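Given the structure is predicted, the values throughout are model-derived calculations rather than measurements. Order of the sequence lines sets the chain letters (A, B, ...), proteins ahead of strands, with each chain counted from 1.
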Number of protein chains: 2
Amino acid sequence: MSDGRNGPGFGTGFGSESLLFLTDEQLRQGIEAMFFAYRGFTADPDRILSELAYGRAHHRALHFIARAPGTTVNNLLGILGVSKQSLNRVLRALVEDGLVESRVGTLDKRERNLTLTPRGEELEARLSDAQRARMRGAYKEAGPDAVQGFKKVLEAMMDQDMYRAYKKLRDSAS
Amino acid sequence: MSDGRNGPGFGTGFGSESLLFLTDEQLRQGIEAMFFAYRGFTADPDRILSELAYGRAHHRALHFIARAPGTTVNNLLGILGVSKQSLNRVLRALVEDGLVESRVGTLDKRERNLTLTPRGEELEARLSDAQRARMRGAYKEAGPDAVQGFKKVLEAMMDQDMYRAYKKLRDSAS
DNA sequence: TTGGAATGTCAACAAGGCTGACATAAAATG
DNA sequence: CATTTTATGTCAGCCTTGTTGACATTCCAA
């Protein structure tokens, strides 16, 4: 339960970790940076969404439907990691409001193929533009080398199941 | 509303941005990496918390009280960015359960100074250890240079008010 | 053809955000 | 000293977004 509490001077030896010795303090700073940055990361879309009585869950659905048009509910469930009932509520709202179209699958009629309507694409673009602007700003400020490192650490931080689902999506979309 | 939609080949010129030209696709990948990584980042503490009928809100409170022992409710509100009613609900539970102590301020008796009890410290350590282990693993996998870049991008992604509050916290804690 | 698995929908509940209204006590100000 | 402002806590009620349970439909395999 506790390999923590290690201060400088209590290193376990001179293996490869001596090149990257991490104090609890440094790790805590990383944790806090992650917390605050995620807040900044979602702040702009949240503002837009709150005007429209939508939330982050709607944003996530719009994002991944835009990313993989025609995807199924089940597919989305795997990516988002929520219960299907939770997702369904969000999708129902989006369908009722004319942002998402849900068509019965041609091959397997149990499935529903999800696509954005023009209005859905419009909102998705608005949200995405805001978030990309923030991301672009951060990238520019930090520089290209930092961006490389940023992505590397993030990829190592995802859990592996999720990362596989993510890569699968990315590949199927390109 | 839309400076997006730019593909390679539609650059605006040859200014400094040509060194760091960012396609929408690259930015989207960054956005998704952030989303998935944050999920990985919170997964381990979430598991522990759900056994105890606590949530992320309790974790955040415990974390920052551990970080700045004796801090006030108002202070915490600024850091967490939630309403006092929301925070109060969480703090009340933690005080009732004997994880946090709330003492009337000595200098200003309106204030409450918040500290962790031994039991609170124990849970905080358990949560923190899990999260640090994940962070340490990601850092080791990505390497020291990547960690530098990671922090740089995250800091640029926070909004400036938040970043100032963050630095203030960090300095007062060291 | 029939029973199980997969997929999606509807209903109800809980956690944890939010706002508004209000009470109290202490501090600051005129 | 009287008044106002500040810090905190509490009650009520709302919304979003998680959860589980029950159920309908469709497909597939025994």
Q | Separation between CD of A/Glu121 and OG1 of A/Thr115, rounded to the nearest 0.5 Å | A | 8.5 Å

**Q.** CG-OG distance between A/Leu77 and A/Ser86, expressed to the nearest 0.5 angstrom
**A.**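 If we round to the nearest 0.5 Å, A/Leu77:CG and A/Ser86:OG are 9.5 Å apart.
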
Once side chain to side chain contact (heavy atoms under 4.5 Å, CB included) is applied, do any residues pair with [X], and if so which ones, sequence neighbours excluded?
{"X": "B/Asn113", "value": "B/Thr72"}
{"X": "B/Arg60", "value": "A/Phe35, B/Arg56, B/Ala57, B/Leu80"}
{"X": "A/Ala37", "value": "B/Met34, B/Leu154, B/Met157, B/Met158"}

Only distances under 3.5 Å count here; give the side-chain donor-acceptor pairs of residues 96-105 of chain B to other protein atoms, sequence neighbours excluded, each with its distance to 0.1 Å.
from: B/Asp97; atom 1: OD2; to: B/Tyr54; atom 2: OH; distance (Å): 2.3

(Q) Set out, in order, the CA-CA distance, both residues' side-chain angles and the distance that settles salt bridge (charged side-chain N to carboxylate O under 4.0 Å, His left out) for A/Arg126 and A/Asp129, then state yes or no. (A) CA-CA 5 Å; A/Arg126 213 180 134 205; A/Asp129 285 352; over 6 Å; no

The criterion is side chain to side chain donor-acceptor pair (under 3.5 Å); which residues satisfy it with [X], sequence neighbours excluded?
{"X": "B/Asp108", "answer": "B/Arg110"}
{"X": "B/Asn75", "answer": "B/Thr71"}
{"X": "B/His63", "answer": "A/Glu32"}
{"X": "B/Glu25", "answer": "A/Arg67, B/Gln29"}

Q: Return no unless some side-chain N or O of B/Arg112 is found under 4.0 Å from OP1 or OP2 of D/dG9.
A: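 So the side-chain polar atoms of B/Arg112 do come within 4.0 Å of the phosphate oxygens OP1 or OP2 of D/dG9, strictly under.
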
Q. Is the number of heavy atoms from other residues, nucleotides or ligands within 6.0 Å of CD (B/Gln26) greater than 12?
A.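 Atom CD in B/Gln26 is packed in, count exceeds 12.
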
Q: Just call it for A/Arg89: base, sugar-phosphate, or nothing, with non-hydrogen atoms closer than 4.0 Å on any strand.
A: base

Q) Parallel, tilted or perpendicular for A/Phe36 and B/Phe64, by the 30°/60° rule? A) tilted

Q) Which of residues 75-88 of chain A sit near DNA chain D, with a heavy atom under 4.0 Å from it? A) A/Val82, A/Ser83, A/Gln85, A/Ser86

Q: Could you check which residues of residues 34-61 of chain A get a heavy atom under 4.0 Å from DNA chain D? Sort them by number, please.
A: A/Ala53, A/Gly55, A/Arg56, A/Ala57, A/His58, A/Arg60

Q. Under a criterion of less than 4.0 angstrom to any heavy atom of chain B, what are the 5'-terminal and 3'-terminal contacting nucleotides of DNA chain C?
A. C/dG16 to C/dA27

Which atom pairs link the protein and nucleotides 26-28 of chain D when you take only N or O atoms and keep those under 3.5 Å?
from: D/dC27; atom 1: OP1; to: A/Lys109; atom 2: N; distance (Å): 2.9

